[in-house]
Enquirer: 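Sending over a structure as C-alpha cells; questions will come in a sec.
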Amino acid sequence: MSLLDVRGLCLTLDRGHASHTIVDDLSFTLDRGESLAVVGESGSGKTQAALALLGLQAPALRARGSARFEGFELIGAAAAALRRVRGARIGFVFQDPATSLNPYLTVGAQIAEMLELHQGATRPAALAEARRLLDAVRIADAPRRLAQYPHEMSGGMRQRVMIAIALACRPQLLIADEPTTALDVTVQQQLITLLGDLRREFALALLLITHDLGVVAELCERTLVLYAGRMMETGATAHVLARPAHPYTQALLRARPRLDGDTRVPLYAIPGAPPRAGQAGGGCVFAPRCTQAMEVCVQLRPAAQGIGDARRACHLQATTP
Ligand code: SF4
C-alpha cells in the first residue's frame, strides 16, 4: 500500500449556479521515503491541491475524490480526525515563513507547542526536543535562538524554523510548498541540501510543490507537471527533465533561463496565458498555447496514457509514432 494514494482529486469553486474547476481529476501515489515534485505555473492549482490533502484549502473550494494516507481517507474526514494527522503524521512547510510563524510567540514556544499538542510533552521536555530540532535544521546557537521571535531572524532561518516545526512529531510525509521561493540563491541552495539530508535522516517521504525545475532536479525522484489544474505529464524526474514528452513540459523547459545561453537572444516565453478559472474548454486545456495543437485537441480532452509511472495527457501520442 502506498503511503499516499490520491485518486481523482477535484477542487471546485461554486459561485451561485456556476461551478469552476480549479483542480481536475488529479491522481498520484507516493511511497514511503519517496519524493515527488508537483510542478506548475502560479495559479495551476498545485498549492490548493496540497492544502486540500489536509482539509486546508481555501474555504470557497469544495474537494471531491479520494486521498488515502496509510489507508485513512483524508478527503471529507472530520475536522478532529484531520487535526490528529496534521503536524503529527504529515508535516507541512508553508510558502511564506514570514507570515506563517506567529510574531507574538518565541520560536521555542512555537516548536514546543507541536510536541505538547500532539504528544502530550511537558514544556521542559518539549523545549529540550525543540533545541535538538534546531540543531537538526542546522541553526547554530540553539538555546539563544529558541528565545527569539521570528522577526529577529533572517528569511532563511525562519524557513528552517518552519521545517523544524513540521518535523517536530517525526511525520512520515513532509509537504513543502515553494520552500525556497522567498530566499536568495545561496540560502536556497543551503536549504535544498538541508531538505535532502533531512529526508534521509528522518526517512521522510517528500511532496514538493514548486515552479522551480532546478529545485526539482536536486530533490525529487519523480515529477508531476500540472497545468490549469490538470496533470500534463508525470514520471521519473530524470526522464521528464531530459526527455519531456508533453508539449507543455517542453515549453516550460525551453523557457528556463540558462547560464550558458546566448544573452543576445531574448528568453523564450510560452505565448498566451493560462485559462482563468472556469474558462477551460472541453478539449486540451493547453491547446490555445500549444504550437503542436491539432483539430482534435480543441474538441476532445486527452486522457492520461503511458506505461507504468510514466504518463502524459496529449493527443500527439495517438498520432505520432
Ligand atoms: Fe498540444 Fe494537443 Fe497535446 Fe494539448 S493534446 S498538448 S494541444 S498536442
Side-chain angles (χ1 to χ4, degrees), residues 6-13 19-29 36-50 65 208-217 220 222-258 265-321:
V6 177
R7 281 175 202 236
L9 178 65
C10 293
L11 286 176
T12 49
L13 175 66
S19 177
H20 303 314
T21 303
I22 307 298
V23 172
D24 197 349
D25 197 18
L26 180 64
S27 299
F28 62 86
T29 58
L36 171 73
V38 178
V39 183
E41 293 172 78
S42 296
S44 60
K46 56 192 189 303
T47 292
Q48 290 302 329
L208 178 73
I209 310 300
T210 185
H211 65 271
D212 190 331
L213 294 168
V215 177
V216 172
C220 294
R222 286 167 52 225
T223 296
L224 185 152
V225 182
L226 201 65
Y227 178 76
R230 293 187 196 168
M231 192 280 286
M232 299 284 109
E233 176 170 8
T234 186
T237 297
H239 198 275
V240 170
L241 297 187
R243 288 191 298 280
H246 193 283
Y248 176 60
T249 321
Q250 290 162 1
L252 263 189
L253 284 161
R254 203 177 150 201
R256 261 179 89 191
R258 294 175 60 109
V265 178
L267 195 60
Y268 174 75
I270 305 174
R276 297 174 60 158
Q279 284 187 341
C284 171
V285 75
F286 187 55
R289 303 174 79 187
C290 181
T291 53
Q292 301 176 64
M294 304 164 285
E295 212 176 308
V296 65
C297 301
V298 287
Q299 290 159 358
L300 193 67
R301 177 174 172 169
Q305 295 176 55
I307 301 165
D309 197 34
R311 288 179 292 134
R312 72 168 182 173
C314 179
H315 288 304
L316 281 176
Q317 199 166 24
T319 55
T320 53

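For ligands, and for the atoms within them, numbers begin at 1 and follow the listed sequence.
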Enquirer: Looking at ligand 1, would His246 count as a contact under a 4.0 Å heavy-atom criterion?
Expert: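 In this structure, His246 qualifies as a contact of ligand 1 - some heavy atom is under 4.0 Å.
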Enquirer: Going by the angle between their ring planes, with limits at 30° and 60°, are Tyr248 and Phe286 parallel, tilted or perpendicular?
Expert: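 Answer is perpendicular, since the angle exceeds 60°.
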Enquirer: Atom 2 (Fe) of ligand 1: which protein N, O or S atoms are under 2.8 Å away?
Expert: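 N, O, S partners closer than 2.8 Å: Cys297 SG.
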Enquirer: Decide yes or no for Val240 and Val39: does some side-chain heavy atom of the first lie under 4.5 Å from some side-chain heavy atom of the second?
Expert: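 They are not in contact (no side-chain heavy atoms under 4.5 Å apart), so the answer is no.
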Enquirer: Within the distance-only criterion (no hydrogens, no angle test), does the side chain of Thr237 pair as donor or acceptor with the backbone N or O of Ala217 below 3.5 angstrom?
Expert: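 Checking the backbone N and O of Ala217 against the side chain of Thr237, no donor-acceptor pair under 3.5 Å is found.
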Enquirer: Look up atom NE2 in His315 and atom CD in Gln292, then write down how far apart they are to the nearest 0.5 Å.
Expert: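 Reported to 0.5 Å precision, the distance equals 13.5 Å.
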Enquirer: Using the salt bridge (charged side-chain N to carboxylate O under 4.0 Å, His left out) criterion, which residues pair with Arg289? Sequence neighbours excluded.
Expert: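 Counting only residues at least two positions away or on another chain, Arg289 forms a salt bridge (charged side-chain N to carboxylate O under 4.0 Å, His left out) with Glu41.
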Enquirer: Test side chain to side chain contact (heavy atoms under 4.5 Å, CB included) on His246 and Leu252 and set out the steps.
Expert: CA-CA 10 Å; His246 193 283; Leu252 263 189; over 6 Å; no
